[in-house]
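A short write-up of the structure that comes next.
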Number of protein chains: 2
Amino acid sequence: MSPVYEKFLSSRVNYIETSPIREAVSKIAARSRVAKVISFAAGEPDPDVIPRELYGELAREVFAREKKSVAYSPADGLPDLKAEIAGFMKEYEGVATTPENIVVTLGGSQAIDIVGRLMLDPGDIVFVENPSYVNTILVWRHYGVRTIGIPVDDEGMVTERLEEAVKAMRGEGRKLKLVYTIPTGQNPSGVTMSMERRKHLLEIASRHDLLIVEDAAYNHLVYEPAGIKPLRAMDGEGRVLYIGSFSKIFGTGLRIGWLEAPGEIVEKARAAKGPMDMCAPVPSQYIVLNILRNKLYRTIREKAVSEYRVKRDLMISAIEKHLPGLRHTRPVAGMFILLWLPGMLDGRVFADQLLEKHNVAVIPAAAFYTDDSGRNVVRLNFSMSEKDLIEEGVKRMSMLLKEMTGSSQAT
Amino acid sequence: MSPVYEKFLSSRVNYIETSPIREAVSKIAARSRVAKVISFAAGEPDPDVIPRELYGELAREVFAREKKSVAYSPADGLPDLKAEIAGFMKEYEGVATTPENIVVTLGGSQAIDIVGRLMLDPGDIVFVENPSYVNTILVWRHYGVRTIGIPVDDEGMVTERLEEAVKAMRGEGRKLKLVYTIPTGQNPSGVTMSMERRKHLLEIASRHDLLIVEDAAYNHLVYEPAGIKPLRAMDGEGRVLYIGSFSKIFGTGLRIGWLEAPGEIVEKARAAKGPMDMCAPVPSQYIVLNILRNKLYRTIREKAVSEYRVKRDLMISAIEKHLPGLRHTRPVAGMFILLWLPGMLDGRVFADQLLEKHNVAVIPAAAFYTDDSGRNVVRLNFSMSEKDLIEEGVKRMSMLLKEMTGSSQAT
């Protein structure tokens with residue numbers, strides 16, 4: 001007799017949800033098979049900016065020379081890679097750390113999951129920016145946590161509101177544990193947190209005994225001198241767990257990220273990670289190791305920054321020309337712009353019609369919000385866009401807006 | 001003020017333990033830096049049997065040609081790879097399945113972790129072979145389960161004992177969920193389950209409403225016609241979740257495995273996996289895709305099987321010559337032999353002294369046991385051993401045994 005699978009599932013299954021973005025991505029993929037789509041939907045660097053031929057050469061050398069390229073690495077990563085990452089954090093992030101404080105992970109995503117596994121029990125409270133990275137919200141939900149969103153403005157998380165929320169939640173008798181933030185080039189908003197807010201966030205964490213999880217994925221892509229430092233570099237108390245990733249600069253497919261954390265935490269992360277997956281992919285580890293060791297990081301970054309800066313400027317100009325009056329963010333870092341549609345419009349409906357009628361792809365941002373305030377917001381990516389199609393894509397958005405609103409509101 | 005990290009940890013942390021093998025591996029690595037060590041400690045295929053130069057060529061082509069090589073794949077893997085894996089399962093495993101039933105994972109390890117995440121609650125019962133794969137025991141312990149070991153003999157899990165255990169546990173009012181087995185070339189015993197036992201196991205699962213998790217990692221390495229089939233190919237009810245892995249044939253470093261399971265399960269696995277790590281490493285996925293698509297699997301396997309068969313025979317001959325009378329397994333598949341030391345001896349002490357005094361590395365098997373019955377057992381690997389050093393290594397084991405027992409017991 002066939003089993004009733006439901007009875008074998010854990011109580012956790014109630015917290016496991018398919019990413020709401022998956023559906024949008026599937027629609028875009030389907031449409032792309034029948035039409036040329038101008039896509040502002042990506043969350044990735046441009047594969048033509050990434051030195052793929054170099055990776056091919058590095059891979060060929062590594063496979064030929066290194067027997068260890070096809071073997072397990074230690075669970076926390078190749079020792080040489082951990083040393084290079086510690087050097088990277090010192091040189092580029094102003095963070096003094098040691099290889100022993102680093103666990104190499106399968107992208108930053110796995111580091112976020114490991115933090116959840118080590119720290120989060122059902123009913124615990126975590127604070128995130130509202131909007132925040134949908135996959136962090138989803139994966140920590142697997143641990144049964146309650147997620148509280150804190151508003152974001154042009155200076156990043158509104159830390160005053162965080163403190164109010166902390167005080168309000170204290171009364172409920174739950175454990176308040178983590179504040180998750182992407183302070184630089186945030187996904188999805190593109191906003192970068194000001195230094196004042198960074199200081200305030202650290203003060204709040206100290207005053208109310210919270211830990212901060214700093215997702216530094218977009219720290220590689222800063223387009224203007226912003227006078228900012230990572231929270232981890234400003235933290236005198238050991239309250240910041242730093243999630244690093246090379247996905248947004250070397251390509252997401254390699255899947256190389258890391259957790260940098262105080263000894264007690266990192267020791268448990270290492271123990272947890274071992275049987276979870278044995279180790280991060282070793283050929284990818286060697287490719288990143290060789291890029292760092294050969295001092296190629298700066299060159300790769302400079303190329304990416306100058307390319308994406310041009311694309312960002314083209315996109316902002318096009319928005320201001322064709323969608324005047326619409327609220328949007330002006331990123332100094334990262335790869336995203338948030339755009340607010342006129343209040344009546346649903347971002348999901350707009351994105352669907354934009355794809356079907358005008359062959360332009362954007363991501364409805366509602367899934368990134370912890371409440372319904374993002375209903376009329378869409379996320380635009382500029383890093384993967386094609387320069388000479390950016391204006392055309394935005395123009396088609398303007399056309400659709402006119403069709404949908406039946407007015408000149410957005411012209 | 002520095003935080004007290006302990007108060008931020010989840011209740012789960014009590015279940016997270018460092019692998020007991022890690023210490024043994026560290027000692028071997030340290031000793032290898034100062035002396036030439038004959039190692040029987042590995043859990044991997046031979047990097048000189050793996051076609052590393054081919055991988056280098058494939059990687060170079062893929063990076064040059066495929067923009068998607070540096071981007072995310074779908075969370076459940078490249079569609080073409082899933083199709084090739086479904087084809088592999090039909091051709092080599094006799095399993096009819098579809099790409100939609102497959103989720104590509106970071107090695108088999110991650111598939112095992114995902115099964116835990118979907119199915120296991122604290123207090124649930126899982127049955128494993130005693131001994132069994134230490135990392136499965138460790139990672140399911142993260143979910144708070146109780147692990148019951150079922151003895152293994154030359155025909156594999158003693159299924160009569162499983163049924164007794166199931167009946168005994170039913171009375172305790174806990175949920176009995178999974179039977180985890182490595183039926184072919186088991187780690188650490190090297191034992192292959194007979195067809196009679198396989199049938200009996202499926203009957204027990206049906207009669208007592210259990211699911212079976214079949215870890216097929218060693219199915220690639222079968223040295224004699226064994227007349228066996230995967231449990232998944234014999235299962236008429238949908239009770240077997242199949243964990244596939246290319247680690248033991250293409251190299252562990254690539255980190256490519258998969259979960260093949262009924263639709264309801266795989267759908268939840270796909271949802272869970274998305275935010276856990278986004279996707280398996282994409283360059284590795286392309287390497288495996290191209291190996292399978294170019295029909296190179298059979299050649300790679302034939303070379304591995306013929307090499308490891310010779311090594312296995314050399315090791316068994318050496319054991320019978322230099323350690324006569326000692327109980328050991330005689331694998332027809334996999335890469336391990338278990339060896340029982342004379343009853344007084346502790347495998348950990350033996351392994352330590354063997355390394356320090358004689359520069360030979362073995363793994364004490366105690367960590368693989370769910371009780372203390374493996375205290376005097378060591379695990380020997382033959383796939384990674386150097387052919388012309390196998391006899392010398394075993395001879396040194398015999399010398400140490402004489403020193404330790406002060407007798408001719410083991411000569």
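Treat the numbers as computed from the prediction; the structure is a model and nothing was measured. Residue numbers begin at 1 in each chain, while the letters A, B, ... track the order of the sequences.
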Measure distances from [X] to the heavy atoms of chain A and classify the residue's part below 4.5 Å as side chain, backbone, both or neither.
{"X": "Glu264(B)", "value": "side chain"}
{"X": "Arg117(B)", "value": "both"}
{"X": "Arg141(B)", "value": "neither"}
{"X": "Tyr286(B)", "value": "neither"}
{"X": "Ser19(B)", "value": "neither"}

Heavy-atom pairs under 4.5 Å with chain B - which of [options] has more of them than the others?
{"options": "Leu176(A), Thr136(A), Leu138(A), Asp209(A)", "result": "Asp209(A)"}
{"options": "Met384(A), Lys177(A), Lys273(A)", "result": "Lys177(A)"}
{"options": "Gly43(A), Pro262(A), Ser73(A)", "result": "Pro262(A)"}
{"options": "Pro3(A), Gly238(A), Gly251(A)", "result": "Pro3(A)"}
{"options": "Val13(A), Leu118(A), Asp46(A), Ile112(A)", "result": "Leu118(A)"}

Exercise. Let me see the working for Glu66(B) and Lys68(B) under salt bridge (charged side-chain N to carboxylate O under 4.0 Å, His left out), right down to the final yes or no.
Key: CA-CA 5 Å; Glu66(B) 284 288 353; Lys68(B) 291 181 176 175; over 6 Å; no
With the side chain counted from C-beta on, respond yes when [X] and [Y] share a heavy-atom pair under 4.5 Å apart, and no when they do not.
{"X": "Leu254(A)", "Y": "Pro283(B)", "result": "yes"}
{"X": "Thr252(A)", "Y": "Pro45(A)", "result": "yes"}
{"X": "Pro275(B)", "Y": "Ser109(A)", "result": "no"}

Residues two or more places apart in sequence or in another chain: which of them pass salt bridge (charged side-chain N to carboxylate O under 4.0 Å, His left out) with Arg22(B)?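 Applying salt bridge (charged side-chain N to carboxylate O under 4.0 Å, His left out) to Arg22(B) gives none.
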Among [options], which has the most heavy-atom pairs under 4.5 Å with chain A?
{"options": "Leu106(B), Val4(B), Thr18(B), Asp113(B)", "value": "Leu106(B)"}
{"options": "Ile16(B), Leu58(B), Asp277(B)", "value": "Asp277(B)"}
{"options": "Leu120(B), Asp124(B), Ile137(B)", "value": "Leu120(B)"}
{"options": "Glu267(B), Glu6(B), Lys7(B), Lys175(B)", "value": "Lys7(B)"}
{"options": "Gln285(B), Gln110(B), Met276(B), Glu61(B)", "value": "Met276(B)"}
{"options": "Ala59(B), Cys279(B), Gly257(B)", "value": "Cys279(B)"}

For the backbone of [Y] and the side chain of [X], can you confirm whether one donor and one acceptor N or O come within less than 3.5 Å of each other?
{"X": "Asn381(B)", "Y": "Met335(B)", "value": "yes"}
{"X": "Asp121(A)", "Y": "Ser10(B)", "value": "no"}
{"X": "Arg239(A)", "Y": "Leu211(A)", "value": "no"}
{"X": "Ser132(A)", "Y": "Val128(A)", "value": "no"}
{"X": "Thr105(B)", "Y": "Trp258(B)", "value": "yes"}

Using non-hydrogen atoms and a 4.5 Å limit, figure out which bit of [X] sits close to chain B: side chain, backbone, both or neither.
{"X": "Ala111(A)", "answer": "neither"}
{"X": "Ser2(A)", "answer": "both"}
{"X": "Ser11(A)", "answer": "both"}
{"X": "Tyr15(A)", "answer": "neither"}
{"X": "Arg207(A)", "answer": "neither"}

key: For the student: nearest non-hydrogen atoms of Ser245(B) and Ser247(B), plus distance   =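 Minimum heavy-atom contact is OG-N, 2.9 Å.
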Atom pairs and distances, side-chain donor-acceptor, residues 48-57 of chain A, under 3.5 Å, sequence neighbours left out:
from     : atom 1 : to        : atom 2 : distance (Å)
Asp48(A) : OD1    : Arg52(A)  : NH1    : 3.2
Asp48(A) : OD2    : Lys67(B)  : NZ     : 2.8
Arg52(A) : NE     : Phe63(B)  : O      : 2.9
Arg52(A) : NH1    : Pro47(A)  : O      : 3.1
Arg52(A) : NH2    : Phe63(B)  : O      : 3.3
Arg52(A) : NH2    : Ala64(B)  : O      : 2.9
Tyr55(A) : OH     : Phe250(A) : O      : 2.8
Glu57(A) : OE1    : Arg60(A)  : NH2    : 3.2

Sidechain N-carboxylate O distance under 4.0 Å for Lys248(B), Glu44(B)
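No, no charged N to carboxylate O under 4.0 Å.
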